Amino acid sequence: MALKISAIMIALLLLGFPMMVPLLLGSMYGFYELFGGFERMTFMVQQMLAGIRPASLIAVPMFILAADIMTRGQSAGRLIDMVMAFVGHIKGGLAVSTAAACTLFGAVSGSTQATVVAVGSPLRPRMLKAGYNDSFVLALIINASDIAFLIPPSIGMIIYGVVSSTSISELFIAGIGPGLLLLVLFSAYCMIYATIKGVPTEPKAPWSERLAAVRQAIWPLGFPVIIVGGIYGGVFSPTEAAAACVLYALILEFIVFRSLNAVDIYRIAKSTGLITAVVFVLVGAGAAFSWVISFAQIPQQLLGSIGIDQMGPKAVLAVISVSFFVGCMFVDPIVVILVLVPIFAPVVDAVGLDKVLVGTIITLQVAIGSATPPFGCDIFTAIAIFKRPYAAVIRGIAPFTLILIGVSVALIFFPQIALFLRDLAFR
Amino acid sequence: AADTWKYAFEEAMTDVQGVFAQKFKEEIEANSDHQIQLFPFGTLGESADIMEQAQAGILQFVDQSPGFTGALIPEAQVFFVPYLLPAESEKLGDFFRNSKAINEMFPALYAEQGLELLTMFPEGEVVMTTKEKVTTPADLDEVKFRVMTNPLLVESYQAFGATPTPLPWGEVFGALQTNIIQGQENPLFWVESTKMYEVTDYITFTGHNNFTTAVMANKAFFDGLAEEEQQLIRDAIDVSFEHILEYQEGLSERSLEKIKEARPDINVVVLTEEQRQPFKEAAAEVEAKFIEMTGESGKAILEQMKKDLQAATQ
Amino acid sequence: MGSAEENKDKRKDAYASTLPGILGTIDTGISHAESFILAAGVILMAINTMANVVGRFVFQSSIFFSEELNRTLIVLITFAGIGYAARHGRHIRMSAIYDALPAKTRKLLMIVIASVTAALMFALCYFSVGYILSVATSGRILPAMQIPVYWIYLWVPLGFLVTGIQYALTAVKNAVQKDIYLSTHVLEGYEDDEIEV
Ligand code: NA
Ligand code: NA
């Protein structure tokens with residue numbers, strides 16, 4: 001059944017059907033096979049709704065709204081002008097800044113989709129203007145946003161910690177090393193890319209100009225304060241910080257800069273709703289699909305057939321990596337963690353693997369999978385928000401995926417990348 | 001014929017509901033040709049989703065805590081009324097074995113929803129974990145306390161003097177870490193498995209509740225089984241029930257040991273009978289709210305629960 | 001914002017159905033209702049979330065139904081949005097192979113795609129009515145708001161229905177017109193000046 005479903009889905013996808021169709025028809029076929037008819041299709045609807053209900057998803061439309069207000073108003077522009085005044089003269093400076101902004105924003109907001117929107121929408125036009133190729137820009141935004149999974153707070157790690165009975169604080173600390181390593185490698189790639197492609201630099205700005213840029217950005221600098229200070233300072237949950245950003249953006253653009261009016265807000269809210277809908281319907285369809293996979297116990301069957309019980313620790317880690325990578329290519333990461341972790345738990349215990357290391361590796365795979373075709377929430381979000389075709393969005397992804405896979409392999413052979421900080425803090 | 005039955009529950013495989021389910025699976029598979037497939041937390045949806053699936057007969061068995069069943073059977077929320085269950089573990093087993101409310105009144109209510117109530121069992125004493133020491137309701141003043149989205153829990157913590165703050169469970173750890181909230185309640189094993197002790201400093205035993213859960217079968221499925229198959233299931237449930245009570249013996253101690261090992265500076269406070277008194281008095285408000293929500297039928301269950309409690313503690 | 005762009009925005013805002021007579025009026029009405037629901041839903045969500053923070057800090061009391069209200073709104077937004085997205089050709093698809101095909105094949109394929117998608121949406125509309133009925137019969141209520149759970153799902157079948165109709169009309173439009181249409185009024189091909197909807 002798994003094979004038939006995959007064949008149906010990939011065929012429909014390639015033919016150019018709206019992305020929800022392969023997912024929904026694939027699930028529908030699964031329901032039909034499982035229950036011998038259409039009688040139980042109501043539960044496909046149940047699972048679609050279950051997929052879009054989780055409270056943590058509310059942060060996504062809120063950050064989309066705040067980002068859109070900032071981008072159409074003046075806040076985002078002023079913030080970027082400030083950054084440019086400092087890094088505009090460095091080869092790849094803007095790209096590195098974008099990667100860093102994605103990492104930081106993703107780290108605190110906890111939502112990779114929100115990051116794609118919030119950092120991507122103001123920075124993409126600026127990078128295009130600076131001479132970067134669009135496929136590079138899109139791939140950078142999507143992949144750098146996914147570093148967020150590894151940097152605390154990370155909902156993926158919390159769920160892994162609960163399902164596998166692993167210290168969440170230790171997981172959080174262990175994620176920092178690989179997260180920063182990824183940022184460094186992405187930045188290196190950005191600089192190499194900018195050099196090879198000859199992306200022009202701006203002349204180095206004098207300090208007077210830099211100071212003026214900072215002064216211009218004083219008000220918008222409140223956003224990082226609200227997000228970073230608000231979340232780490234215990235004022236807001238990530239969702240609430242998103243709503244606070246909306247409020248602050250409204251105050252700035254309405255009262256301080258007077259750049260937007262009520263009609264603009266209506267239009268921005270509508271466009272936020274539209275983007276939310278086209279992404280969430282895919283999240284819901286993915287949930288229905290993963291229910292079929294889980295109910296039919298397909299992962300158990302597949303893993304049973306490869307004889308994981310006889311493998312050594314490194315081979316087990318490799319199988320785990322590949323399984324989560326493949327799972328997240330098709331299904332929402334949280335669901336993949338919930339379904340697969342209990343299946344692997346006995347063998348992880350049996351070969352005596354460090355559960356914090358396993359959790360870090362899993363989280364990394366989840367990050368890769370969400371940014372890797374064919375299905376990936378962050379890819380969908382980028383398509384919806386930037387209005388670019390699917391092919392254009394994924395064209396530049398390969399080098400980033402290679403870096404991510406490289407770090408995965410490195411983690412299996414050098415676990416200290418993750419465990420060094422953990423051991424320092426807890427052992 | 002050898003059938004495959006599906007059994008979903010609300011916790012991870014290694015938590016109490018998972019231990020119960022695994023024992024049940026073991027018993028059924030040892031004594032028949034049937035197979036049981038287990039679906040832990042989240043693999044087939046949220047608690048409400050697996051309940052619907054069981055009601056429709058897609059799943060044969062489901063474990064849902066009565067508190068969550070409250071959306072369907074309002075009376076089931078009686079398990080959120082504080083101080084209705086014996087705090088002493090030796091009395092607890094007898095209470096569940098003999099309670100008329102549990103063994104006679106609830107099965108009829110579940111049957112109306114297409115469910116065969118097979119058993120209810122305790123999962124462990126509910127403790128508060130907080131940032132600051134709690135010995136009186138006054139200590140909970142201005143404490144933002146995470147509770148599940150349920151009117152009776154909200155009422156309870158309001159009555160206890162806290163600021164009840166409903167929060168999805170995925171956000172609880174982070175919210176405690178960043179001090180958005182300063183307390184939460186859960187059975188001790190859950191505090192251990194979700195690592196709540198990493199982000200709170202005090203564990204307080206108030207004796208106000210023991211987290212209860214229920215295992216059900218789809219009624220049409222169960223009624224359609226032959227007499228001996230039904231007996232097979234009932235026997236497996238009985239064995240698992242006794243197993244879980246045994247497992248519970250010392251579970252709190254084991255959880256507490258693990259917590260202390262991981263976090264030697266954690267503070268454990270067991271309230272004295274005298275210290276519990278003001279919390280017990282607050283429970284009256286919650287009872288009133290429960291009766292307001294559930295009417296005569298709820299009132300009858302509440303009164304029976306009290307009688308059962310008296311019988312068990314005599 | 002430049003004035004040319006503003007004009008373009010206004011033009012796009014005033015969505016006018018291409019359907020004849022009373023059908024056109026209804027269609028235009030639905031489009032307006034959808035965009036209002038989208039905007040209002042998002043704005044309400046922001047207000048609700050902020051109010052919860054204010055309540056917690058200023059009044060020492062959370063809005064205990066805040067989470068349920070947000071869940072209700074997200075369902076509303078999603079299912080109002082899929083119809084709106086269908087109308088404006090904004091559903092995500094992978095068009096690399098499709099784009100490489102000759103025009104005649106593309107047209108035929110688009111008719112197939114739109115018809116299959118429409119049929120799927122109508123089927124889901126039917127199944128979601130079934131689901132809502134079963135939730136309604138169970139009498140399940142939301143714990144905090146104390147309203148029946150099925151209320152928050154009422155928009156779901158309507159969303160599927162409207163989306164299905166949009167795709168069905170797209171199939172018809174492609175069958176009768178010379179050009180190739182992504183939706184009832186969006187021609188295929190991504191424009192460089194991004195489509196404002
Ligand atoms: Na994060
Ligand atoms: Na993917």
Side-chain angles (χ1 to χ4, degrees), chain A residues 31 34-35 39-40 42-43 46-47 49-51 53-56 58 110 152-155 157-159 161-172 230-240 287 290-291 293-297 299-300 334-335 337-343 345-346 426, chain B residues 4 6 8 11-15 18 22 35 37-53 55-59 131 144 146 149 165-182 189-190 192-199 255 258-259 262-263:
Chain A
F31 269 88
L34 280 172
F35 302 110
E39 206 185 325
R40 297 301 191 192
T42 48
F43 285 94
Q46 180 207 47
Q47 286 305 304
L49 293 169
R53 262 176 350 212
S56 53
I58 304 293
S154 156
I155 184 78
M157 283 181 160
I158 290 178
I159 288 174
V162 170
V163 181
S164 69
S165 243
T166 310
S167 163
I168 295 163
S169 307
E170 290 190 25
L171 283 166
F172 277 6
I231 294 176
Y232 286 133
V235 185
F236 305 127
S237 71
T239 311
E240 292 167 351
S290 64
W291 189 92
I293 301 292
S294 176
F295 190 83
Q297 302 230 313
Q300 285 88 338
I334 302 299
V335 178
I337 293 176
L338 286 171
V339 172
L340 288 186
V341 169
I343 299 174
F426 288 97
Chain B
T4 301
K6 291 176 187 270
E11 292 170 5
M13 208 62 116
T14 48
D15 291 330
Q22 291 187 64
Q35 298 277 315
Q37 288 176 348
L38 297 181
F39 294 91
F41 167 77
T43 50
L44 292 181
E46 292 177 7
S47 185
D49 300 327
I50 56 175
M51 188 65 154
E52 285 179 1
Q53 291 162 24
Q55 284 181 291
I58 293 185
L59 300 174
K131 302 252 176 187
K144 292 181 200 86
R146 186 267 173 173
T149 313
T165 309
L167 211 61
W169 75 269
E171 287 190 9
V172 176
F173 187 91
L176 281 168
Q177 196 169 39
T178 58
N179 208 32
I180 291 177
I181 52 172
Q182 294 86 34
F189 82 88
W190 191 251
E192 199 268 317
S193 79
T194 57
K195 313 295 162 199
M196 288 301 155
Y197 59 86
E198 292 180 359
V199 282
S255 304
K258 279 192 206 163
I259 292 174
R263 177 88 201 272

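In what follows, chains carry the letters A, B, and so on, assigned in the order in which the sequence lines appear, proteins first and then strands, with residues in each chain numbered from 1. Everything numeric in this text was worked out from a predicted model, so none of it was measured.
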statement: Looking only at heavy atoms, the pair that brings B:Asp49 and A:Gln47 closest together is CB-NE2, 3.9 Å
message: Please classify the contact of B:Leu176 with chain A as side chain, backbone, both or neither, using a heavy-atom distance under 4.5 Å.
response: neither
message: Around atom CD of A:Gln300, are there more than 12 heavy atoms from other residues, nucleotides or ligands closer than 6.0 Å?
response: yes
- line: The interface call for A:Thr42 against chain B, heavy-atom contacts under 4.5 Å, is neither
message: Does any backbone or side-chain atom of B:Glu11 lie under 4.5 Å from a heavy atom of chain A? Answer side chain, backbone, both or neither.
response: neither
query: What residue in B:Ile180, B:Leu59, B:Asn179, B:Thr14 has the most heavy-atom pairs under 4.5 Å with chain A?
result: B:Ile180
task: Give a yes or no on whether B:Lys258 atom NZ has more than 12 heavy-atom contacts from other residues, nucleotides or ligands under 6.0 Å away.
output: no
- prompt: Say you draw a straight line from CD of B:Glu46 to CG of A:Leu49; how long is it, rounded to the nearest 0.5 Å?
  reply: 11.0 Å
- prompt: Can you name the closest pair of heavy atoms from A:Val339 and B:Thr43 and give their distance?
  reply: CA-CG2, 3.7 Å
query: By a 4.5 Å heavy-atom criterion (distance strictly below it), what part of B:Ala56 contacts chain A: side chain, backbone, both, or neither?
result: both
task: Please confirm whether the backbone N or O of A:Ser167 pairs with a side-chain atom of B:Glu198, one donor and one acceptor, at under 3.5 Å?
output: no
task: Could you look at B:Phe39 and say if it's the side chain, the backbone, both or neither that has a heavy atom under 4.5 Å from chain A?
output: side chain
- prompt: What are the two closest non-hydrogen atoms of A:Phe295 and B:Gln37, and how far apart are they?
  reply: O-OE1, 4.3 Å
message: Once rounded to the nearest 0.5 Å, what's the spacing between atom CZ of A:Phe43 and atom CG of B:Leu44?
response: 11.0 Å
